[in-house]
2 protein chains.
Amino acid sequence: MPTNIPTDLLRAFVTVIDLGGYTRAAEALGRTQPAISQKLRRLEAIIGQPLLLAEAGQIRLTDAARTLDTLARQMLRINDDIAASFADERLSGWLRVGVPTDFSNAFMLQAIADFAAAHRGVRIEVSSRASRDLRTALAAEELDMIFAIAPEDGMPWLVQSFRVTPFWAISAAVQLDPAAPVPLLRHPDPCEYADRMRSALRDAGRPWRTLLVCNDVEGLVAAVRAGLGVTALTPATLAAGLRRADVGDGLPPLAPLRIGLFYKHARLSRAGHGLAQSLLARLI
Amino acid sequence: MPTNIPTDLLRAFVTVIDLGGYTRAAEALGRTQPAISQKLRRLEAIIGQPLLLAEAGQIRLTDAARTLDTLARQMLRINDDIAASFADERLSGWLRVGVPTDFSNAFMLQAIADFAAAHRGVRIEVSSRASRDLRTALAAEELDMIFAIAPEDGMPWLVQSFRVTPFWAISAAVQLDPAAPVPLLRHPDPCEYADRMRSALRDAGRPWRTLLVCNDVEGLVAAVRAGLGVTALTPATLAAGLRRADVGDGLPPLAPLRIGLFYKHARLSRAGHGLAQSLLARLI
DNA sequence: ATCATTGCATAATGGATTCTTATGCCATGC
DNA sequence: GCATGGCATAAGAATCCATTATGCAATGAT
C-alpha cells in the first residue's frame, strides 16, 4: 500500500514557492493563511523532513524541498492535463513563451503555431534568447513559460525535461579533410552546443578553427550547406542538403544535453497548461 | 484555480482496473468495498463522466476511463517516485521484467544490471519476447513490468511512453549500390522495425530483398558489419564498425515508433517502482 | 530605542468530508 | 428456486480540514 500524496498539498507547496510567501499563496488559492501553513505542515509530515524555512521575509528551500519541487511540478502537470482533458473549454489568453536561440527552430515554432491555430483565442508571443536569459526572465515574470537548457544539478521551476543528442552536420557534397583542423561554425558564447563541440574535439585530440560565429541557426545551416564547415545540430534542425557526420568523418560524438520546460504553476493560465501539454506531447 | 484531483481517487481507479473488481481493490487498499464505490463516484463527479460500468462480473471501461487510465498511471508513477525519494529503504523482492526482442540490447540490460547492483536485495528476471506477447504476459500476470511498443491508439496499463526514431545502419566500409534492390536484414515478422523499413522503401518506390532474418539484434549487427546488407537500428543499438545511412545513400527516413513502459500499479512492488524510475531517468 | 507592520505559527471550534456498518438489489450458477 | 458474489445506497460515526482568534518574531520607520 503506497503512500498517496494529496495533490492539494503539492499545489500549496509550489504556489508558496512561486509567489514567495504563505499569505500570497493563500490569496491565490482562495484559502486563509493558516490553511496553507497546515497544508505545508501536513506535507512535511508525509515527507518526513522540513521543507520551507521562513527566513527574513524570504522563503528558503531545504534540499528535500528542491527535490520535491521538480517532482511536484511534474505531478501537477499531469493533474492539469487530466483536468484539461475533460474540461473541454475554449482556451484564451495571452502567453509569453521563451525558447532558446539554438532551439527556436522551425519544429518548435510549427508546434506553437499549430496550437495557436487550434485555439484562436490564445495570443502567443515567442521570445528567443539565450537559455540563461530565459531563466532570469521567467524568475522576473517577464515570461510565462520557457524552454531552456536544464542544468544537470537541477533548477527551480523545472516541470519536465528530455534529452537531446546533438550531432555534427556537414554539407552532403563535402568530405572533411582529416589532416586539417576542423572548420567550426557556431553560435556566440555562451552556447551549450559550442561547448560540446569544443570539448568533444579536445577530448579526441583533434584541433579546430572557428570559421564563423552566427546568432541564428538558419545562418549556420546556410553556411554548412555552402560547405564552409561543420556545426552541431539536432534532429529537429537538420535541413536538406546536410548530412550527419560521425566517427567515420573523424568527428567524435557529442555529449547529449537536457532541454527543460519551466514554468511557475501559480502563474500559468489554463491556456499555458494547454500549450505545455501540446508541446510536450510532440517532443517526448 | 485549477482542479486538484485527489491522488487516492486515482489510486482506487487503477486498482479496480488492475484487480478487476471493487471488492478486490478494497482489500488491496485496506478499505471496505463501499469506500471504493464512493471514491469512484467522486472521481466520476470530478471528471464529469461515467468511468466504470459493472457488467456481468466484469468491469468495462468507458472511453473517458481509457483516457484517464493512462494519465492516472503517469500521475501515480510520479507520486510513487516522490514517496520513494524520501523513503530511503532497502529495496528487495523478485521482479519479472519483459523487454521486446528488438530492444533487449546492451543499453537496457546495462541499466537493469546497474539497478540490480545498487539494490542487492532485488532479484530481476528479464524475459525477452515480441511486444505483443509481452502485453499478453502482463495481462496474465506472468510479468510484473514490461517495455513494449505502444500502439498509437492507446492501450491499458501504459504508464509512460517515449519516441524512438530508428535509422538505417550499414557497415562503415560499404557503399550501397543505388541500382540494386536494398539488401535487407531484419527480425522475423511481426516486427515494427521490419514494417517501417518495408513501408519506407515502398513509399520511396525502392525495391528490396530480404537477405537475412534473425531473432536477436546482435546477429543482425554482426551481419551488417560483415557487409551483408542494411537494417534498422536505434541510437542505443548502433555499434562500432557501423554507420548511419540516410537519404545520401538512397535510403528513405524511417518513421518513429513509440516505446512504452507498462505495469499494473496494484501489482507492482516498491522495488518495481524503483526500477521503473531508474530506467525512465536514463531513457528520457 | 520604540512601535507599527508584515508574515508565519498555533489553538480551538465548527463544518464538511469520508469512512464504516447495515442492508438492498441484481445478476449468475447450481 | 435459492444461494452466492458483487456493487449500490443509506445513515451514523469518526476524521479531517478550514476558519477565526491570537501569539510571536523580524523588519523598518520615526
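Quick note: numbers below take in every heavy atom, side chains included, and nothing from hydrogens, waters or symmetry partners. Because the structure is predicted, anything quoted here is derived from the model rather than measured.
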Over how many whole Å does the gap from [X] atom [atom1] to [N] atom [atom2] extend?
X       : N      : atom1 : atom2 : value
A:Asn4  : C:dT18 : CG    : P     : 13 Å
A:Leu40 : C:dA9  : CG    : P     : 7 Å
B:Gln58 : C:dT28 : CD    : P     : 12 Å
B:Leu51 : D:dC7  : CG    : P     : 15 Å
B:Arg60 : D:dG6  : CZ    : C1'   : 18 Å
B:Leu53 : C:dC26 : CG    : P     : 17 Å
B:Leu29 : C:dT20 : CG    : P     : 11 Å
B:Tyr22 : D:dT9  : OH    : P     : 10 Å

Quick test of your reading of the model: are A:Arg31 and A:Asp8 salt-bridged, counting only N-O distances below 4.0 Å?
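So A:Arg31 does not pair with A:Asp8 through a salt bridge.
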Between B:Arg66 and B:Asp63, is there a side-chain N and carboxylate O pair less than 4.0 Å apart?
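Counted as a salt bridge, because a side-chain N and a carboxylate O are separated by less than 4.0 Å.
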Would you say [X] places a side-chain N or O within less than 4.0 Å of OP1 or OP2 belonging to [N]?
X       : N      : value
B:Ser37 : D:dC7  : no
B:Thr23 : D:dC7  : yes
A:Arg41 : C:dT10 : yes

Classify the side-chain pair A:Ser127/A:Arg129 by whether it contains a donor and acceptor separated by less than 3.5 Å.
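There is such a pair (donor and acceptor under 3.5 Å, judged by atom type) between the side chains of A:Ser127 and A:Arg129.
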For a side-chain hydrogen bond (donor to acceptor under 3.5 Å, both in side chains) with B:Asp18, tell me which candidate from B:His265, B:Arg73, B:Arg24 qualifies.
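Looking at B:His265, B:Arg73, B:Arg24, the match for B:Asp18 under the side-chain hydrogen bond (donor to acceptor under 3.5 Å, both in side chains) is B:Arg73.
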Is it the case that more than 12 heavy atoms not belonging to B:Arg163 sit under 6.0 Å from its CZ atom?
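Correct, the count exceeds 12.
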Give the table of side-chain donor-acceptor pairs shorter than 3.5 Å for residues 277-284 of chain A, with sequence neighbours excluded, one pair per line with atom names and distance.
unit_1, atom_1, unit_2, atom_2, d
A:Arg282, NH1, A:Asp114, OD2, 2.7
A:Arg282, NH2, A:Asp114, OD2, 3.3

What one-letter contact string describes nucleotides 11-21 of chain D from 5' to 3', where B marks a base within less than 4.0 Å of any protein heavy atom, S marks contact via sugar-phosphate atoms alone, and - marks no contact?
------SBBBB
Which residues pass the salt bridge (charged side-chain N to carboxylate O under 4.0 Å, His left out) test with B:Glu141, sequence neighbours left out?
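Listed in chain order: B:Lys264, B:Arg267.
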